[in-house]
Chemist: 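Okay, handing you the structure first.
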Amino acid sequence: MDLPRSSPARLTALATLKLPRGGLFFLCLLYILPGLLGRDPWKSEDASGFGVMWTMAHGNLRDWLIPNVSGAPVFDSGPLAYWLGAACIKLAAGGLGGAIDAPLAARLATVILFLIAATALWYATYLLGRRPAAQPLALAFGGHPEPRDYGRTLADGSLLILLGSLGLAARVHESSSDVGMLTMLCVVLYGAARSLDRPYVGAAWIALGVVGLVLTRGPYPALALFVAMLCLVLLHPEWRATRLPGLVITLPLVAVGLYVWPALVAHFDATESSAYFAARRAYWLAYLDGVDLEALRKYGRNIPWFALPGWPIAAWAWWVWRGQRSTPHVVLPLAYLAAVTAVLLSTSDSGDGLLLMLLPGVVMLAAFGLPTLKRGAANAIDWFSLCVYSLTALGIWLSWLTRVTGIPASYARTLARLVPGLPGELHILPFLIGVGMSAAWIWIVHWRITTHPKVLWRSVVLASGGVTLCWGLAMTIMLPELDYSRSYRDVALKLAQALPVAAQGERACVSVDGLGLAQRASFAYFAGIRFARLDFDGVHESESCPYLLRQDLTRDPRILQPPGQWQSIWEGRRASDRDERYRLFRRARSSPEPAGITPRAAPSEP
């Protein structure tokens with residue numbers, strides 16, 4: 001009979017010094033707050049997600065039950081994250097007296113969800129890290145760490161790896177359902193780890209995570225993860241004790257949790273409920289179209305940088321723990337990654353939101369690779385982080401200095417072409433914050449190079465600090481340029497001037513053709529435009545709107561002239577986008593009522 005291999009981790013108690021809890025919490029806030037303050041909703045998922053929240057907060061019960069952006073239904077995500085964002089908007093408008101604007105209030109939901117995700121992942125890693133199979137090799141003369149201290153240090157390392165993940169920074173600062181999806185994935189992992197010592201509690205957390213995943217992202221990712229957890233319960237001996245709790249806790253809670261939202265919609269309107277969920281089911285069936293060559297190419301381009309610095313350490317952990325791959329701290333992240341891989345290989349959707357599902361499993365597995373890293377590998381990660389993030393931060397500072405001073409002139413002209421019409425100005429508070437963050441980075445680098453700490457998480461502290469620094473600089477000193485280039489505020493206000501205001505103070509009804517959800521949300525929020533509602537097949541329910549707003553990528557207004565007698569009265573675009581065009585048409589008074597316009601798909605984002 002083959003004897004189990006000894007643990008590949010060999011370290012002393014000095015290597016398991018934990019980070020102060022207050023320091024970890026402050027680091028999470030320092031990471032999440034830049035990018036939430038002082039900016040508009042940005043193009044793509046950020047603006048469309050905010051649009052759903054804003055529509056709920058200012059709409060009726062139907063808007064709360066059926067996610068939509070000013071009357072355009074949303075099928076790719078559920079209402080849970082939007083409910084939280086809409087509640088924050090209502091609270092800011094009511095209880096706080098409007099002191100916080102709607103976009104910032106919606107992003108408060110992002111802060112809450114991210115902190116829950118980080119906490120769940122930290123505790124999941126801690127619970128697995130203190131188990132006997134994960135412990136380092138006992139030293140002959142003592143001095144090896146205690147299980148609780150070892151588990152805490154691994155959990156600290158997992159949080160630092162999460163904060164250092166390049167693909168997380170932009171997505172986790174958006175008002176979208178992706179942050180809610182990440183949170184529920186981490187909750188499922190926590191429930192699976194918790195069920196090893198408290199089966200009934202863990203089963204309840206698994207059920208909460210699965211239901212929450214359906215209500216944030218959709219049924220298929222939740223189904224894949226639920227099957228992975230079911231396989232662990234049925235096949236793995238250490239999860240055997242969770243079979244009964246799974247039957248009496250997980251399955252009933254999942255069934256009841258998934259029934260509540262459709263039941264509420266059906267109670268509101270049975271006919272509309274069946275139509276909405278039929279359209280949602282058709283969307284997800286079409287979503288499972290299988291991976292194509294273009295998606296595989298995009299995976300190959302994006303995953304290596306998206307999951308840095310976690311994936312090299314996770315790959316090393318998979319190899320170095322090869323004698324104990326059936327132990328809980330290895331098999332749980334591997335089962336998770338297998339479920340996520342099945343999702344990735346079942347659809348041609350290769351967006352960053354989908355890749356976000358990889359991070360919890362990669363981070364957890366990488367945490368157990370930290371105690372086994374050789375000194376050369378740890379130093380290589382440090383030097384890579386030091387060089388890449390220092391150069392990136394230097395590039396951001398040079399770009400800011402060029403925008404403010406205009407020197408050198410050639411580079412200043414290049415930057416000005418990206419944000420035409422925006423003057424380079426010095427803003428004192430963002431400048432001081434950027435200086436403070438840069439000084440903190442220099443201190444961390446000095447500490448790492450001069451003291452040569454033996455702590456287990458030393459190899460990822462520069463990665464997490466570097467990502468926090470670069471993101472923080474971009475969202476402080478360069479925020480005006482980024483906000484100007486990605487916001488629809490200016491073009492929305494110009495569009496509002498072309499629309500008449502009725503005696504009651506409302507805008508005239510506007511139907512759309514080719515307008516994306518992000519643009520629809522921005523125009524509704526900034527310009528107060530009242531859009532015609534779309535049915536679940538994408539056709540306008542109203543046929544009497546006197547105005548039509550079209551979005552396309554052509555510079556010739558004669559191309560794709562709308563059917564019927566329409567008169568072009570306005571054309572505009574964002575100053576930073578040379579291709580995207582918006583055209584407003586007014587129906588001639590003598591023209592007959594059209595049979596309705598089926599909106600075209602929005603042009604792809606450049």
Side-chain angles (χ1 to χ4, degrees), residues 9 11-34 114 118-119 121-122 125-126 129 136 145 149-169 172 305 307-314 316-317 359 362-394 436-473:
L11 67 161
T12 64
L14 292 177
T16 59
L17 295 177
K18 64 180 181 178
L19 285 166
R21 298 286 80 83
L24 277 177
F25 183 75
F26 176 76
L27 181 61
C28 289
L29 289 181
L30 188 64
Y31 177 86
I32 193 65
L33 289 181
F114 172 75
T119 302
L121 187 61
W122 190 95
T125 308
Y126 165 70
D149 296 335
Y150 182 62
R152 286 195 188 99
T153 308
L154 288 173
D156 292 344
S158 70
L159 184 56
L160 291 177
I161 296 172
L162 179 68
L163 297 182
S165 299
L166 289 176
L168 182 68
V172 82
W305 69 263
L308 272 178
W311 75 263
I313 307 175
W316 169 253
L359 290 184
V362 169
V363 167
M364 177 178 285
L365 186 58
F368 291 96
L370 291 178
T372 67
L373 280 180
K374 305 297 183 182
R375 178 178 299 178
N379 290 337
I381 295 174
D382 275 339
W383 282 109
F384 174 83
S385 301
L386 173 61
C387 294
V388 170
Y389 297 123
S390 295
L391 290 175
T392 303
L394 181 60
M437 296 181 71
S438 301
W441 170 250
I442 294 173
W443 180 86
I444 293 174
V445 171
H446 179 266
W447 167 81
R448 177 66 182 93
I449 293 177
T450 58
T451 62
H452 301 288
K454 303 299 182 182
V455 287
L456 184 149
W457 39 262
R458 67 186 184 279
S459 57
V460 292
V461 68
L462 288 184
S464 59
V467 170
T468 303
L469 168 70
C470 294
W471 178 259
L473 288 179

Chemist: Quick one: closest heavy-atom pair of Ser459 and Ile381, and the distance?
Modeler: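 Taking every non-hydrogen atom into account, O-CG2, 3.1 Å.
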Chemist: Of all heavy-atom pairs between Leu154 and Gly129, which one has the smallest distance, and what is that distance?
Modeler: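 The pair with the smallest heavy-atom distance is CD1-CA, 3.8 Å.
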Chemist: Supply the atom-to-atom distance Leu163 CG to Ile32 CD1, rounded to the nearest 0.5 angstrom.
Modeler: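 The CG atom of Leu163 sits 9.5 Å away from the CD1 atom of Ile32.
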Chemist: Kindly say whether Pro34 contributes a backbone atom to a donor-acceptor pair with the side chain of Trp471 at under 3.5 angstrom?
Modeler: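 Answer holds: yes.
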Chemist: Counting only heavy atoms not in Trp447, do more than 12 fall under 6.0 Å of its CH2?
Modeler: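 Yes, the 6.0 Å shell around CH2 holds more than 12 heavy atoms from other groups.
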Chemist: Look at the side chain of Tyr31 and the backbone N and O of Ala169, then say whether any donor-acceptor pair between them is shorter than 3.5 Å.
Modeler: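 Yes; at least one donor-acceptor contact below 3.5 Å.
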Chemist: What heavy-atom pair brings Ala393 and Leu473 nearest, and what distance separates the two atoms?
Modeler: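 What the structure gives for the nearest pair is CB-CD1, 3.7 Å.
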Chemist: In the structure I gave you, are the side-chain heavy atoms of Pro309 and Phe384 within less than 4.5 Å of one another anywhere?
Modeler: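 Side-chain contact under 4.5 Å: no.
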Chemist: What closest approach, in Å, do Thr153 and Asp149 show between heavy atoms, and which atom pair accounts for it?
Modeler: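 Looking at all heavy atoms of both residues, the shortest contact is OG1-O, 2.9 Å.
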Chemist: Only one of Asp382, Val467, Val388 forms a side chain to side chain contact (heavy atoms under 4.5 Å, CB included) with Leu462, so which one is it?
Modeler: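 Going through the options one by one, the only one that passes is Asp382.
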Chemist: In Å, rounded to the nearest 0.5 Å, how long is the span from CG of Leu160 to CG of Leu27?
Modeler: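 One gets 6.5 Å once the value is rounded to the nearest 0.5 Å.
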Chemist: Looking at Thr468 and Ser464, what are the two nearest heavy atoms and their distance?
Modeler: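 Nearest heavy atoms, Thr468 then Ser464: OG1-O, 2.8 Å.
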Chemist: Indicate the atoms forming the closest heavy-atom contact of Ser158 with Val363, along with that distance.
Modeler: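 Shortest heavy-atom separation between Ser158 and Val363 comes out as O-CG1, 3.1 Å.
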Chemist: Between CG of Leu365 and OG1 of Thr125, what distance do you get to the nearest 0.5 Å?
Modeler: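 Those atoms lie 10.5 Å apart.
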Chemist: Ignoring hydrogens and angles, write down the donor-acceptor pairs under 3.5 Å from the side chains of residues 437-444, residues two or more places apart or on other chains.
Modeler:
residue	atom	partner	partner atom	Å
Ser438	OG	Trp397	NE1	2.9
Ser438	OG	Gly434	O	2.9
Trp441	NE1	Ser390	OG	3.1

Chemist: Taking Thr372's backbone N and O only, do any of them form a donor-acceptor pair with Trp316's side chain (distance below 3.5 Å, no angle check)?
Modeler: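 Between the backbone of Thr372 and the side chain of Trp316 there is a qualifying donor-acceptor contact (under 3.5 Å).
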Chemist: First locate atom CG of Leu24, then atom CG of Leu159, and finally report the distance between them rounded to the nearest 0.5 Å.
Modeler: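 Taking CG in Leu24 and CG in Leu159, the distance rounds to 5.5 Å.
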Chemist: Which distance, rounded to the nearest 0.5 Å, do you find between the OH of Tyr389 and the CG of Leu166?
Modeler: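 So the gap between those two atoms works out to 4.0 Å.
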Chemist: How long is the straight-line distance from CH2 of Trp122 back to CG of Leu162, given to the nearest 0.5 Å?
Modeler: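 Rounded to the nearest 0.5 Å, the CG-CH2 separation comes to 14.0 Å.
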Chemist: Mark yes or no for whether Arg458, through its side chain, and Val455, through its backbone, hold a donor-acceptor pair below 3.5 Å.
Modeler: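 Judged by distance alone, yes, a pair lies under 3.5 Å.
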